[in-house]
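Accompanying notes for the structure given below.
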Amino acid sequence: MEIRVQEDPFDLGAEANAFAARQTGMGAVVTFTGIVRDIEGGLDMMEIEHYPGMTEKAIAGIAGEALDRWSLGDVLVIHRHGKLAAEDLIMMVATSAPHRVDAFQAAEFLMDYLKSRAPFWKKEVAGGSEGWVAAKDEDEDALSRW
Amino acid sequence: MEIRVQEDPFDLGAEANAFAARQTGMGAVVTFTGIVRDIEGGLDMMEIEHYPGMTEKAIAGIAGEALDRWSLGDVLVIHRHGKLAAEDLIMMVATSAPHRVDAFQAAEFLMDYLKSRAPFWKKEVAGGSEGWVAAKDEDEDALSRW
Amino acid sequence: MDVLYFAWVRERIGHPKDTVDSTASTVRELVEELRGREERYAVAFADLDALRVAVDQELTDFDAPLAGAREVAFFPPMTGG
Amino acid sequence: MDVLYFAWVRERIGHPKDTVDSTASTVRELVEELRGREERYAVAFADLDALRVAVDQELTDFDAPLAGAREVAFFPPMTGG
C-alpha cells in the first residue's frame with residue numbers, strides 16, 4: 001500500500017507506469033484520476049483543505065479494507081491539497097489484481113470512500129466569490145452498496 | 001473514439017497522460033490495463049491471434065455502444081496481437097466522463113465486451129507445449145449485467 | 001465466397017482460408033458442406049457449441065442466411081482483453 | 001483538549017483551533033459548551049446534521065464519549081476524491 005498526500009502536482013503517466021511495473025502476476029491494473037472541473041465557467045481556483053495527521057490514517061484505513069475485501073496485488077492513493085486550477089489532476093488511485101473484477105471493484109470502493117470518508121474539503125473560487133463544495137447525497141448513498 | 005490494434009508495445013503512462021490531457025471538463029479518467037500472467041509458471045510466450053479487418057470494426061461497435069449508454073468524454077482502446085512475454089502489457093482502455101460512475105461503468109463494459117466479443121484468441125506456449133486459452137463461462141456471464 | 005478459420009479451427013483444418021463455391025443458404029448448410037470435404041473439416045466442425053461464426057465480419061449465429069455474403073469466418077469463443 | 005475546526009466551520013468560528021478545559025463527557029456536551037461561548041460558535045454549531053466529528057482523528061458521532069480524548073475535530077461532510 002502506498003499513500004501520498006501532497007501539495008505538489010503528480011504525473012499520472014509516471015505513477016501508472018511505476019505502479020504497473022512493480023506488480024508481478026497481476027493481470028489487471030485499474031487507475032482512476034480525479035480532475036478539477038470548471039462547472040459554471042470562470043473558476044479561478046479550487047482550494048483543497050485537509051486534516052493533517054488524520055488524512056493519511058483515514059486513507060490507510062480505507063485502503064486496508066480494500067486489501068481485505070478483494071484479492072489484490074497492491075493499492076496506490078495520491079491526493080493533493082492546496083490550490084489547484086481547472087483541469088489540474090486532484091488525485092488518483094491505482095489497484096492491481098490477478099483478475100479484472102477485483103481491480104475494478106476495489107478502485108470503485110476506494111473512490112466511494114475517499115469521497116465521503118477522507119478528511120478533504122473543496123472550495124471553489126470564481127469571479128471573486130468563493131464557496132465550499134457541498135457533499136452530494138448520491139456520494140453518501142454510494143457507500144451503501146459495499 | 002480512438003482504437004489501435006497493433007503488434008508493437010505501447011506505453012501505458014504516455015497513453016494515459018495524453019488521453020487525460022486532451023479532455024476538457026471531464027472530472028474522471030479511468031484506465032484499465034491487461035497484463036500477461038504466467039499462471040502455471042514457465043510461460044515462454046503468449047501469442048495473440050486476431051481477425052484483421054473485423055477487429056477494429058468490432059471494437060468500434062463496442063466503444064460506440066459505450067458512448068451511447070453513458071455520458072462520456074472519450075474512449076481509447078489499444079490491443080496488441082502477436083508474440084508477448086509474461087508481464088507484457090496486452091491492452092488498455094481509457095474512459096473519461098464528467099462523473100466517476102460513468103467512467104467506471106463504461107470501462108467495465110468495454111472490458112466485458114472486449115473479452116468475449118472482439119475477435120482475439122490467446123495461445124500460451126510453455127515448456128515446449130502450447131494451448132489455446134479457453135473462454136471462461138464467467139466472462140460470457142458478465143455480459144448479462146449490461 | 002471466402003471462408004476463414006482462426007485459432008484452433010485454423011490449426012485443425014491446416015490453413016487459414018478456403019475459397020468455396022457454395023449453394024448453402026445458411027451458415028449451418030455451409031458447415032454441412034465443409035464437414036463433407038475431409039476428415040479434418042469434420043473434426044474441426046464436430047461441435048458447433050464450441051464454435052462462433054461471423055458473416056461479413058459481423059458476429060452472427062449458425063442460422064444466419066448467406067445470401068450475398070462474401071466472407072464467412074469460423075473460430076472458437078474469443079479470449080481478448 | 002484540542003478542538004479543531006475545518007472548512008466553513010473554521011471560517012465561521014474564525015480560527016482553526018481552541019484548547020479547551022472541558023468537563024463534557026460526550027461530544028454533544030462539548031458542543032453545548034462551545035455554543036455558549038460566543039455567537040459565532042452558536043452559528044457554527046447551529047445544525048449538527050450539517051457537521052461531522054472526529055475524536056482523536058477517528059470519525060465518530062455526537063454521542064461518542066470524550067474520556068481520555070486529546071483532540072476533537074468538527075467539520076462539514078467531506079468532499080474528497
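The sequence lines fix the lettering, A, B, ..., with proteins before strands; numbering per chain opens at 1.
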Exercise. Looking at B:G25, B:A103, B:A94, B:A14, which has the largest count of heavy-atom pairs under 4.5 Å with chain A?
Worked result: B:G25
Give me a line-by-line list of donor-acceptor atom pairs from chain A to chain B that are under 3.5 Å apart, or tell me none exist.
residue: A:D11; atom: OD1; partner: B:N17; partner atom: ND2; Å: 2.8
residue: A:G13; atom: N; partner: B:N17; partner atom: OD1; Å: 2.8
residue: A:N17; atom: OD1; partner: B:G13; partner atom: N; Å: 2.8
residue: A:N17; atom: ND2; partner: B:D11; partner atom: OD1; Å: 2.8
residue: A:G25; atom: N; partner: B:E87; partner atom: OE2; Å: 2.9
residue: A:G25; atom: O; partner: B:R37; partner atom: NE; Å: 3.4
residue: A:G27; atom: O; partner: B:I35; partner atom: N; Å: 2.9
residue: A:V29; atom: N; partner: B:T33; partner atom: O; Å: 3.0
residue: A:V29; atom: O; partner: B:T33; partner atom: N; Å: 2.8
residue: A:T31; atom: N; partner: B:T31; partner atom: O; Å: 2.9
residue: A:T31; atom: O; partner: B:T31; partner atom: N; Å: 2.9
residue: A:T31; atom: OG1; partner: B:T31; partner atom: OG1; Å: 2.4
residue: A:T33; atom: N; partner: B:V29; partner atom: O; Å: 2.8
residue: A:T33; atom: O; partner: B:V29; partner atom: N; Å: 3.0
residue: A:I35; atom: N; partner: B:G27; partner atom: O; Å: 2.9
residue: A:R37; atom: NE; partner: B:G25; partner atom: O; Å: 3.4
residue: A:E87; atom: OE2; partner: B:G25; partner atom: N; Å: 2.8
residue: A:R100; atom: NE; partner: B:D112; partner atom: OD1; Å: 3.3
residue: A:R100; atom: NH1; partner: B:D139; partner atom: OD1; Å: 3.0
residue: A:R100; atom: NH2; partner: B:D112; partner atom: OD1; Å: 2.7
residue: A:R100; atom: NH2; partner: B:D139; partner atom: OD1; Å: 3.4
residue: A:D112; atom: OD1; partner: B:R100; partner atom: NE; Å: 3.3
residue: A:D112; atom: OD1; partner: B:R100; partner atom: NH2; Å: 2.7
residue: A:D139; atom: OD1; partner: B:R100; partner atom: NH1; Å: 3.0
residue: A:D139; atom: OD1; partner: B:R100; partner atom: NH2; Å: 3.4

Exercise. Contact part of B:A142 toward chain A, heavy-atom cut-off under 4.5 Å: side chain, backbone, both or neither?
Worked result: side chain
Seminar exercise, completed: Distance col, row B:F104:CZ vs A:F32:CZ, nearest 0.5 angstrom, shows 5.5 Å
Problem set entry | For B:A134, side chain to side chain contact (heavy atoms under 4.5 Å, CB included) partners two or more places apart | none
Problem set entry | Per-residue contact mode, B:M111 against chain A (heavy atom under 4.5 angstrom) | both
For this session: With sequence neighbours left out, write down each residue that passes ring-ring contact (aromatic ring centres under 6.0 Å, His included) with B:F19, or none if nothing qualifies.
Result: none
Problem set entry | Residue among B:A107, B:A21, B:A18 with most heavy-atom pairs under 4.5 Å to chain A | B:A107
For this session: Heavy atoms only: give me the nearest A:L12-B:A16 pair and the separation to one decimal.
Result: CD2-O, 3.9 Å
